[in-house]
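Data first, discussion second: the structure below is written as structure tokens.
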Amino acid sequence: MNVHDHPPAREDHAEIREAIRKLCADFPGAYWRSLDAERAYPGEFVKALTAAGYLAALIPEPYGGSGLPLSAAAAILEEIHHSGCNGAACHAQMYIMGALLRHGSEAQKQAWLPKIAAGELRLQAFGVTEPTSGTDTSSIKTFAARDGDHYVVNGQKIWTSRAEHSDLMLLLARTAPKEKARKRTEGLSLFLLDMRAARTAGLTIRPIRTMMNHATTEVFLDNVRVPAANLIGEEGRGFRYVLSGMNAERILIAAECIGDAKWFIDRASAYARDRHVFGRPIGQNQGIQFPIAKAYAQMRGAALMVHEAAARFETGADCGAEANMAKLLGAEAAWAAAESCIQTFGGFGFAEDYDVERKYRETRLYQVAPISTNLILSYIAEHVLGMPRSY
Ligand SMILES: Cc1cc2nc3c(=O)[nH]c(=O)nc-3n(C[C@H](O)[C@H](O)[C@H](O)COP(=O)(O)OP(=O)(O)OC[C@H]3O[C@@H](n4cnc5c(N)ncnc54)[C@H](O)[C@@H]3O)c2cc1C
């Protein structure tokens with residue numbers, strides 16, 4: 001019996017899950033290990049997901065996508081991670097386009113979404129974070145100055161993941177100085193930057209090597225010209241547009257964490273049953289059982305919050321608190337499962353061939369990005385519990 005075969009609390013998208021498991025079977029641990037060693041991009045995996053239409057799951061049918069609900073996208077990413085694969089190479093393509101979908105003009109949607117859905121154009125890069133602003137997005141310095149029918153963009157982004165493997169970037173930049181804005185969140189604007197043209201006209205992308213294989217970069221913008229037609233929504237309202245997409249991002253990342261937790265729990269419990277030391281399975285010792293059992297309970301609790309957040313998102317209800325809590329609980333459950341797994345494997349947990357150390361490195365990220373645990377706790381304290389803002 002699969003320990004995860006429990007009756008679903010809500011729509012579980014069983015067929016999609018099964019199809020993802022089949023697709024992922026073509027990308028076993030050895031595939032990810034060799035890429036990890038070279039810090040190379042999983043191009044074949046992303047190609048297979050794109051060809052099967054999964055990255056266009058959330059794009060509405062009239063624009064060439066399959067118009068599935070967020071819970072289906074969550075199921076896709078959860079199964080990718082449960083299978084030992086890594087959705088970080090392409091997950092943003094699923095949700096970044098939400099800003100274009102919700103706030104773009106009809107002409108922009110017609111121009112870009114069908115090509116993104118067909119895989120002709122990759123929208124994988126999301127340029128928000130800057131080296132000096134960190135989590136305080138309202139302090140970003142990258143500036144887009146209007147010049148006729150263009151904007152001229154100067155500045156620097158950091159941690160712009162997948163920029164080298166994307167044609168387009170959703171770029172947040174200042175269009176009015178912070179001092180002149182009525183509110184700190186005003187004066188920021190959102191652009192669709194065509195990186196294909198910009199690469200020879202002021203855009204420089206430098207990879208950052210990290211502890212896991214993540215294809216992240218720093219990006220320099222030196223007088224990059226962006227057509228005014230690529231401004232999304234109204235000038236000065238970009239911060240709101242970015243915020244409105246963050247709930248979807250948090251729910252989907254939380255789903256990846258659930259998948260990671262399941263992968264670790266499967267591996268740990270199987271190893272604990274099979275590995276014999278002192279003439280009996282190590283899984284007979286409660287010191288081994290309990291951390292795995294506890295991580296399982298944490299994972300199930302976090303999964304309920306992911307379902308709750310996705311269900312609220314799908315009905316259009318406010319889901320800020322649930323999306324944040326899903327991300328927090330999911331990341332913590334994945335980490336608890338990772339800890340229990342590496343401890344259960346003993347020395348073998350550190351051997352690359354078992355994939356445990358790789359997944360361990362990969363899942364640690366989610367307590368920091370795309371939003372760190374502290375900032376989620378601050379959100380709950382302020383917005384749910386009515387305590388004063390701490391920063
Ligand atoms: C591998 C990777 C990929 C990423 N991909 C992208 C991407 O594609 N696009 C993008 O725009 N960004 C991306 N990021 C950036 C990511 O969103 C940020 O790293 C994250 O939001 C934290 O910001 P920071 O690193 O600047 O930390 P800082 O803001 O400098 O914070 C450092 C620490 O201080 C804590 N802290 C800060 N302020 C407070 C406070 N008021 N109260 C309590 N604690 C506080 C934080 O919780 C954190 O632990 C990525 C980051 C990584 C590492």
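Each ligand, and each atom within it, is numbered from 1 in the order the structure gives.
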Can [X] be said to touch ligand 1, with heavy atoms closer than 4.0 Å?
X: Ser390; value: no
X: Met212; value: yes
X: Leu375; value: yes

Q. Which residue, Phe264, Trp263, Trp335, forms the ring-ring contact (aromatic ring centres under 6.0 Å, His included) with Tyr360?
A. Trp335

Q. Less than 4.5 Å apart, any side-chain heavy atom of Val152 and any of Val224?
A.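 They are not in side-chain contact.
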
Q) Considering only heavy atoms, which of Gly127, Pro131, Ala369 lies nearest to atom 16 (C) of ligand 1? A) Ala369

Between [X] and [Y], does at least one N-O distance fall below 4.0 Å, as a salt bridge requires?
X: Arg358; Y: Asp355; result: yes
X: Glu18; Y: Arg21; result: yes
X: Asp36; Y: Arg361; result: yes
X: Arg17; Y: Glu78; result: yes

(Q) Can you check atom 29 (O) of ligand 1: any protein non-hydrogen atom closer than 4.0 Å? (A) yes

Q. Do any non-hydrogen protein atoms sit less than 4.0 Å from atom 33 (C) of ligand 1?
A. no

What is the ring orientation for [X] with [Y], classed by angle as parallel under 30°, tilted 30 to 60°, or perpendicular over 60°?
X: Tyr241; Y: His103; value: parallel
X: His383; Y: Tyr379; value: tilted
X: His91; Y: His214; value: perpendicular

Can you list the ligand 1 atoms lying under 4.0 Å from a non-hydrogen atom of [X]?
X: Pro370; result: 17 (O), 21 (O)
X: Gly134; result: 26 (O), 29 (O)
X: Val128; result: 11 (O)
X: Tyr391; result: 41 (N)

Q) Cationic tip of Arg174 within the cone over Phe143's six-membered ring, i.e. under 6.0 Å and within 45° of the normal? A) no

Q | Any donor-acceptor N or O pair under 3.5 Å, side chains Ser138, Asp136 | A |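 Present: a donor and an acceptor within the cut-off.
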
Q) Have His82 and Asp260 got a donor and an acceptor in their side chains that come within less than 3.5 Å? A)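 The answer is no; no qualifying pair exists.
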
Give the residue, atom name and distance (to 0.1 Å) of the protein heavy atom nearest [atom].
atom: atom 20 (C) of ligand 1; answer: Val368 O, 3.6 Å
atom: atom 44 (N) of ligand 1; answer: Asn374 ND2, 3.0 Å
atom: atom 14 (N) of ligand 1; answer: Trp159 CB, 3.3 Å
atom: atom 3 (C) of ligand 1; answer: Ser161 OG, 3.2 Å
atom: atom 23 (O) of ligand 1; answer: Thr135 OG1, 3.4 Å
atom: atom 12 (N) of ligand 1; answer: Thr129 OG1, 2.7 Å
atom: atom 42 (N) of ligand 1; answer: Ser378 OG, 4.3 Å
atom: atom 48 (C) of ligand 1; answer: Ser372 OG, 4.0 Å

Q: Could you tell me whether Thr373 approaches ligand 1 through its side chain, its backbone, both or neither, with non-hydrogen atoms closer than 4.0 Å?
A: neither

Q. Can you name the salt bridge (charged side-chain N to carboxylate O under 4.0 Å, His left out) partners of Asp147, sequence neighbours left out?
A.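 Partners of Asp147 under the salt bridge (charged side-chain N to carboxylate O under 4.0 Å, His left out) test: Arg225.
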
(Q) Considering both backbone and side-chain atoms of Ile371, is one of its nitrogen or oxygen atoms within less than 3.5 Å of a nitrogen or oxygen in ligand 1? (A) no

Q) Looking only at distance, does Phe126 have an N or O less than 3.5 Å from an N or O of ligand 1? A)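 Yes.
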
